[in-house]
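As the structure is a computational prediction, the values presented were derived from the model and not from experiment.
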Amino acid sequence: MCIRDSLKKLLEQQFAKFNLTKNEVIDTERILYGDFMQGREADPRLYIQINDLNNLLNKMDIFQEDYNNDPHFGSGKKAMRLVMFLDACEHITRICRILRQPQGNALLLGVGGSGRQSLAKIATYICNYKLFQIEVVKGYN
């Protein structure tokens, strides 16, 4: 049983104390918020709940296509071809939220090839930030 299921089961046990049912409390499978659903250039960027997950998947595909065509990000380099499944979109949403915080930074952990760098690049693009990347070399003269 995964942690999410364990927490959900623990939460469901507490509903009776407040005379509530599961459907009254948990109305969606995933609770996601973001300020990018109106687009990268929207002003003001409204931080809203994302209820339509299919719309989120489509928006992420559009962001990826725009990223690959942008001369400052993907264009000229190897195009990023990611399969935007719901967990990846959820991670991008989290990374965007972290980056938009004052002095926001994150340490992304995972096995090699899991997409940490790619998701961070897309999130940086969505937040409309510039990307600086230090290349690891033997000597920094």
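Under the 4.5 Å side-chain heavy-atom criterion for ILVMFWY residues, a single connected hydrophobic cluster contains both I134 and V136. Hydrophobic clustering (ILVMFWY, side-chain heavy atoms < 4.5 Å, transitive): L131 and L82 are in one cluster.
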CA sep, side-chain torsions, deciding dist, call: L99, I126, side-chain contact (heavy atoms from CB on, under 4.5 Å)
CA-CA 10 Å; L99 292 177; I126 291 171; over 6 Å; no

Just do the side-chain contact (heavy atoms from CB on, under 4.5 Å) check on Y125 and R40 with the steps written out, would you?
CA-CA 8 Å; Y125 177 77; R40 292 178 60 226; 3.0 Å; yes

Take I95 and L108, measure what side-chain contact (heavy atoms from CB on, under 4.5 Å) needs, and give me the verdict at the end.
CA-CA 9 Å; I95 296 168; L108 305 178; 4.0 Å; yes

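Nearest heavy atoms, R116 versus G110: NH1-O, 2.5 Å. The minimum heavy-atom distance linking D35 with Q38 is given by the pair O-OE1, 4.0 Å. The minimum heavy-atom distance linking C89 with M84 is given by the pair SG-CB, 4.1 Å. The minimum heavy-atom distance between G34 and I50, with the atom names listed, is N-CD1, 3.8 Å.
By the side chain to side chain contact (heavy atoms under 4.5 Å, CB included) test, D87 pairs with R30, F85, E90, sequence neighbours left out. The side chain to side chain donor-acceptor pair (under 3.5 Å) search around Q133 returns none, not counting sequence neighbours. Partners of K130 under the side chain to side chain donor-acceptor pair (under 3.5 Å) rule, at least two apart in sequence or in another chain, do not exist in this structure.
Interatomic distance, F63 CZ to D70 CG, rounded to the nearest 0.5 Å: 12.5 Å. From F36, atom CZ reaches atom CD1 of I48 across 9.5 Å, with rounding to the nearest 0.5 Å. Between L11 atom CG and S6 atom OG the span is 12.5 Å, to the nearest 0.5 Å. Between atom OG1 of residue T93 and atom CD1 of residue I98 there is a gap of 11.0 Å, rounded to the nearest 0.5 Å. The OG atom of S118 sits 9.0 Å away from the CD atom of Q64 when rounded to the nearest 0.5 Å. Once rounded to the nearest 0.5 Å, the distance linking CD of Q117 with CD1 of I122 reads 11.5 Å.
In this structure, I31 places its CD1 atom where only 12 or fewer heavy-atom neighbours from other residues, nucleotides or ligands lie under 6.0 Å away.
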Exercise answer: donor-acceptor pairs, residues 55-62 side-chain atoms, under 3.5 Å, sequence neighbours excluded:
{"unit_1": "N58", "atom_1": "ND2", "unit_2": "N54", "atom_2": "O", "d": "3.3"}
{"unit_1": "K59", "atom_1": "NZ", "unit_2": "M37", "atom_2": "O", "d": "3.4"}

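The hydrophobic cluster containing L10, built from Ile/Leu/Val/Met/Phe/Trp/Tyr side-chain heavy atoms closer than 4.5 Å, comprises no other residue.
Side chain of S114 to main chain of V111: a donor-acceptor pair is present (N/O by atom type, distance under 3.5 Å, no hydrogens or angles). Judged by distance alone, with hydrogens and angles left aside, the side-chain atoms of D43 form no donor-acceptor pair with the main-chain N or O of E41 at under 3.5 Å.
Residues D5 and K9 fail the side-chain proximity criterion, which asks for heavy atoms closer than 4.5 Å.
Pairs passing the ring pair (Phe, Tyr, Trp, His ring centres under 6.0 Å) check and including a residue from residues 13-34, sequence neighbours excluded, read Y33-Y47.
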